[in-house]
Peer 1: 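Below you'll find the structure I mean.
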Amino acid sequence: MGFQMRHVALMLSACCVSAHRVQRAGGQSGGRGLHVQPATAPSEDDLRAEAAMSFEPPRVWIPTFDVKKWFFHRLELQRHSNLSIFEQTRHFMESEDPRSWGNNWTGESISTLSLAFKNESGVDVMGLRKEWLSLVLTSIVMPEADANTAGLQCIKSGLCGGDAGAPQYLLKALPSGELIPILSAEEEEPAWAGRVGSVFNFAYGVYEAAYEKVLGPMQTLPAAAGQRFKFLGKWLARSYVITDLGYAPMGFHSLIYKSLVAGHAVEPETQPFYSEEDTIPACEKMAAVFQRRSPQELQSYGWLGCDEVKDPETGKYTQPSCYKPIYKDEAMWDALYMTWGSFAPDGAKAEDPVPFSAAREYTERRCEESWKRFEEPVDYMAQGFHEVLPSNSDFWKLLDGRSETLAHMVEGNSDVDLDELWEAVEWSGSWDEETEDVLYEVLQELQEEGKGLPPIKRPLNKLLRFFTGSFKKPVEGWKKAKVEFVYRYSEKCIPLVGKTCFNELRIPGGCLEDPRELKEMIAESVVSEDFGYE
């Protein structure tokens with residue numbers, strides 16, 4: 001740990017002056033910027049410009065005579081805290097200093113936002129800010145190997161602040177790397193016992209039925225968690241559409257981008273897979289979300305058994321059991337011994353086993369609950385996104401419903417074009433053809449090793465973040481962004497140094513004699529957070 005933190009300091013202490021394009025953070029009502037719909041699809045630069053014109057920062061009166069508070073806005077963050085970087089940022093921008101939401105985030109205005117990490121020597125000009133943009137999102141992604149439910153209190157019971165006792169997660173990564181809301185926060189209702197308990201159960205059932213008849217279905221997501229998802233939607237619009245400091249480190253499910261465009265959660269298009277008799281519509285929605293049909297994702301609606309081997313001619317799975325859901329097999333159902341839990345119907349208890357005759361009913365209830373746990377957070381995200389970019393903005397006219405364009409504006413391209421990066425490099429120090437060849441060979445190997453992995457697990461993307469602050473290329477591309485590789489005089493192969501404000505990577509000469517030694521030192525130097533994939 002001490003060794004890793006030393007390299008974090010090497011990377012973060014190097015924040016220096018960086019020229020960056022300023023996006024105007026205020027405009028006229030309704031987004032009156034670009035009026036004429038072009039004959040061809042507008043560029044992302046056009047869309048960002050229109051988004052900036054449409055953005056209206058909140059007007060907040062702060063009764064103070066301290067001039068500094070009117071023009072300077074400082075966000076101080078703690079890396080190790082009971083509050084995630086996301087929650088610290090949300091609290092600052094919605095409670096402590098709401099005007100900072102509308103300030104210039106690129107650091108080139110009289111009224112600007114600055115930030116710092118407490119007890120760290122890094123000075124923010126641009127490098128820390130790029131890291132901050134990444135950490136806000138990754139701090140709410142649940143690590144894959146984290147079995148501690150302390151981080152799920154926000155979505156389970158609405159404890160989202162410091163009272164939760166641990167940083168809270170909102171998102172999880174699918175095997176594809178796409179982010180979706182955490183769906184597995186089902187909290188079992190208490191089992192009321194005895195005659196008094198049966199009265200409570202009956203009373204609650206009557207109340208729930210009356211509530212849904214008058215006000216609509218009850219929400220499964222706590223209100224406090226809903227507000228966090230709403231801020232997440234606002235954050236995506238403000239940080240990755242209006243501002244051009246960098247792309248999001250992780251991407252979202254395509255259905256979420258479609259929902260952001262629509263302004264509400266949209267249902268996925270589903271393809272028939274099981275027989276018509278075995279198909280449950282609510283479960284098909286979840287199959288479309290997970291993009292797989294294994295029991296791990298779909299529980300009793302998952303396939304009975306499937307090695308996922310396909311016939312090369314038909315493209316269909318070769319095992320018949322791939323096309324039979326678990327809930328249709330009585331022997332498997334009896335072996336699983338499923339209990340009703342919170343899905344118990346009238347007359348049944350939570351601890352009662354689900355009979356095979358009710359297997360479909362149980363499976364359908366579970367899928368309906370899972371869909372609600374996806375739909376409600378996405379609804380909040382869409383609301384927040386449209387709060388920052390109102391529906392009457394010309395941004396939406398220019399976007400013209402192209403959710404894939406919005407996805408690229410937010411997350412960019414995960415693939416690193418090594419040749420394009422190489423052409424943009426400025427070389428400093430005693431480089432020669434031999435040392436350049438060693439470096440290029442290693443970068444090629446890192447690129448090859450990362451194929452098929454999510455971007456934050458790819459070795460080359462990790463190295464990119466080490467010296468640029470981002471896992472992906474700059475929004476304006478490599479040709480407009482200065483990249484510098486510095487030959488560092490050293491007889492020994494010592495750790496590399498990344499300076500994120502300069503996009504500068506310092507490589508010791510002692511590492512450039514042997515490709516294997518350089519590759520090992522890169523892995524040792526680059527700190528890996530592995531958000532969501534540990």
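Throughout, numbering of the chain's residues begins at 1 and tracks the sequence.
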Peer 1: Under 4.0 Å between a Lys/Arg side-chain N and an Asp/Glu carboxylate O for K457 and E449?
Peer 2: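 The answer is no: the pair does not qualify as a salt bridge.
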Peer 1: First locate atom CE of M142, then atom CG of L170, and finally report the distance between them rounded to the nearest 0.5 Å.
Peer 2: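 Output value for this atom pair is 11.0 Å.
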Peer 1: Please evaluate residues W235 and T89 with respect to the criterion side-chain hydrogen bond (donor to acceptor under 3.5 Å, both in side chains), reporting the C-alpha separation (whole Å), side-chain torsions for both, the decisive distance (0.1 Å), and the verdict.
Peer 2: CA-CA 10 Å; W235 174 260; T89 300; over 6 Å; no
Peer 1: Hey, can you tell me if W396 and H386 have their rings parallel, tilted or perpendicular (30° and 60° cut-offs)?
Peer 2: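 Because their plane-to-plane angle is under 30°, the rings of W396 and H386 count as parallel.
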Peer 1: Under 3.5 Å, side chain of S393 to main-chain N/O of S54, donor-acceptor pair present?
Peer 2: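 Between the backbone of S54 and the side chain of S393 there is no qualifying donor-acceptor contact (under 3.5 Å).
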Peer 1: Going by heavy atoms in the side chains, are L298 and M286 under 4.5 Å from each other?
Peer 2: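 A side-chain contact under 4.5 Å exists here.
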Peer 1: So does I280 get a backbone contact from the side chain of Y301, meaning a donor-acceptor N/O pair under 3.5 Å?
Peer 2: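 Looks like yes, one N/O pair under 3.5 Å.
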Peer 1: Does any N or O in the side chain of R129 come within less than 3.5 Å of the main-chain N or O of L245, such that one atom is a donor and the other an acceptor?
Peer 2: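 Answer holds: no.
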Peer 1: Is there side-chain contact between V289 and I180, with heavy atoms separated by less than 4.5 Å?
Peer 2: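 The answer is yes; the side chains approach within 4.5 Å.
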Peer 1: For S428, which of E484, R506, E504 qualifies under side chain to side chain donor-acceptor pair (under 3.5 Å)?
Peer 2: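 Looking at E484, R506, E504, the match for S428 under the side chain to side chain donor-acceptor pair (under 3.5 Å) is E484.
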Peer 1: Tell me if a side-chain donor or acceptor on R90 pairs with a main-chain N or O of Q227 at a distance below 3.5 Å.
Peer 2: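 Checking the backbone N and O of Q227 against the side chain of R90, no donor-acceptor pair under 3.5 Å is found.
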Peer 1: Side-chain contact test, heavy atoms from C-beta onward, threshold under 4.5 Å: evaluate it for L255 versus F374 and give yes or no.
Peer 2: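 Result yes, sub-4.5 Å side-chain heavy-atom pair found.
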Peer 1: Begin from the C-alpha positions of R238 and T243 and carry the test side-chain hydrogen bond (donor to acceptor under 3.5 Å, both in side chains) through to its verdict.
Peer 2: CA-CA 6 Å; R238 179 69 178 91; T243 307; 2.8 Å; yes
Peer 1: Output yes when E375 and K285 qualify as a salt bridge under the 4.0 Å nitrogen-oxygen rule, no when they do not.
Peer 2: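 The answer is no: the pair does not qualify as a salt bridge.
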Peer 1: Whether the side chain of T468 engages the backbone of L464 through a donor-acceptor N/O pair (distance < 3.5 Å, no angle test) should be reported.
Peer 2: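 A pair under 3.5 Å: yes.
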Peer 1: Among R365, R373, R366, which residue meets the salt bridge (charged side-chain N to carboxylate O under 4.0 Å, His left out) test with E369?
Peer 2: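 Only one of R365, R373, R366 forms a salt bridge (charged side-chain N to carboxylate O under 4.0 Å, His left out) with E369, namely R373.
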Peer 1: Between K499 and F467, does a side chain to side chain contact (heavy atoms under 4.5 Å, CB included) hold up when you go through it step by step?
Peer 2: CA-CA 5 Å; K499 293 196 170 186; F467 71 92; over 6 Å; no
Peer 1: Determine, stepwise, if the pair K451 / E448 fulfils side chain to side chain contact (heavy atoms under 4.5 Å, CB included).
Peer 2: CA-CA 6 Å; K451 287 184 177 179; E448 189 67 26; 3.1 Å; yes
Peer 1: Specify the closest pair of heavy atoms between L406 and L399, including all atoms of both residues, with the distance to one decimal.
Peer 2: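 L406 and L399 have their closest heavy atoms at N-CD1, 4.1 Å.
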Peer 1: Is it true that K172 and E178 have a side-chain N and a carboxylate O under 4.0 angstrom from each other?
Peer 2: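 No.
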Peer 1: Is there a donor-acceptor pair under 3.5 Å between the side chain of E76 and the backbone N or O of K118?
Peer 2: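 The answer is no, because no donor-acceptor pair under 3.5 Å joins these two groups.
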Peer 1: Using every non-hydrogen atom in the two residues, find where K258 and V266 come nearest and quote the distance to one decimal.
Peer 2: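 Result for this residue pair: CB-CG2, 3.9 Å.
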Peer 1: So, are K397 and D394 salt-bridged, with charged N and O less than 4.0 Å apart?
Peer 2: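 Counted as a salt bridge, because a side-chain N and a carboxylate O are separated by less than 4.0 Å.
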Peer 1: Determine, for Y380 and K230, whether the Lys NZ or Arg CZ falls below 6.0 Å from the six-membered ring centre while staying within 45 degrees of the axis.
Peer 2: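 Judged by the rule (NZ or CZ under 6.0 Å from the ring centre, within 45° of its axis), K230 is not positioned above Y380.
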Peer 1: State whether the side chain of N461 and the backbone N or O of F471 hold a donor-acceptor pair below 3.5 Å, judged by distance alone.
Peer 2: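 The answer is yes, because a donor-acceptor pair under 3.5 Å joins these two groups.
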Peer 1: Side chains of K130 and N503: any donor to acceptor distance under 3.5 Å?
Peer 2: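 Yes, K130 and N503 have a side-chain donor paired with an acceptor closer than 3.5 Å.
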Peer 1: Stepwise, does the side chain to side chain contact (heavy atoms under 4.5 Å, CB included) test hold for L137 with L232?
Peer 2: CA-CA 8 Å; L137 180 58; L232 174 58; 4.1 Å; yes
Peer 1: Find out whether N413 and Y247 are in side-chain contact, i.e. whether some heavy atom of one side chain is under 4.5 Å from a heavy atom of the other.
Peer 2: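 They are not in contact (no side-chain heavy atoms under 4.5 Å apart), so the answer is no.
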Peer 1: Using the rule given for ring pair (Phe, Tyr, Trp, His ring centres under 6.0 Å), can you reason through F231 versus F86, listing the C-alpha separation, both sets of side-chain angles and the distance that settles it, and then say yes or no?
Peer 2: CA-CA 9 Å; F231 180 77; F86 172 91; 5.5 Å; yes
Peer 1: List the steps and the verdict of side-chain hydrogen bond (donor to acceptor under 3.5 Å, both in side chains) for Q291 and H253.
Peer 2: CA-CA 10 Å; Q291 301 169 41; H253 196 285; 3.2 Å; yes
Peer 1: Is the closest side-chain heavy-atom distance between I140 and Y169 below 4.5 Å?
Peer 2: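 No, their side chains stay 4.5 Å or more apart.
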Peer 1: Look at the side chain of D379 and the backbone N and O of A265, then say whether any donor-acceptor pair between them is shorter than 3.5 Å.
Peer 2: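 Between the backbone of A265 and the side chain of D379 there is a qualifying donor-acceptor contact (under 3.5 Å).
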Peer 1: Verify, without hydrogens or angle tests, whether S139 (side chain) and V136 (backbone) share a donor-acceptor contact under 3.5 angstrom.
Peer 2: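 Checked: pair present.
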Peer 1: Would you check if the side chain of Q168 reaches a backbone N or O of C154 as a donor-acceptor pair within less than 3.5 Å?
Peer 2: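 Between the backbone of C154 and the side chain of Q168 there is a qualifying donor-acceptor contact (under 3.5 Å).
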Peer 1: Ring of Y274, cation from R293 - is the NZ or CZ under 6.0 Å from the centre and inside 45° of the axis?
Peer 2: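 Positive - R293 is close enough to the ring of Y274 and near enough to its axis.
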Peer 1: Fit a plane to each ring of Y257 and F252, take the angle between them on a 0 to 90° scale, and name the class: parallel (under 30°), tilted (30 to 60°) or perpendicular (over 60°).
Peer 2: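 Y257 vs F252 ring planes: perpendicular.
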Peer 1: So if I apply the side chain to side chain donor-acceptor pair (under 3.5 Å) rule between D415 and each of R458, Q447, K472, which one comes out positive?
Peer 2: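 Result: among R458, Q447, K472, R458 is the only option passing the side chain to side chain donor-acceptor pair (under 3.5 Å) with D415.
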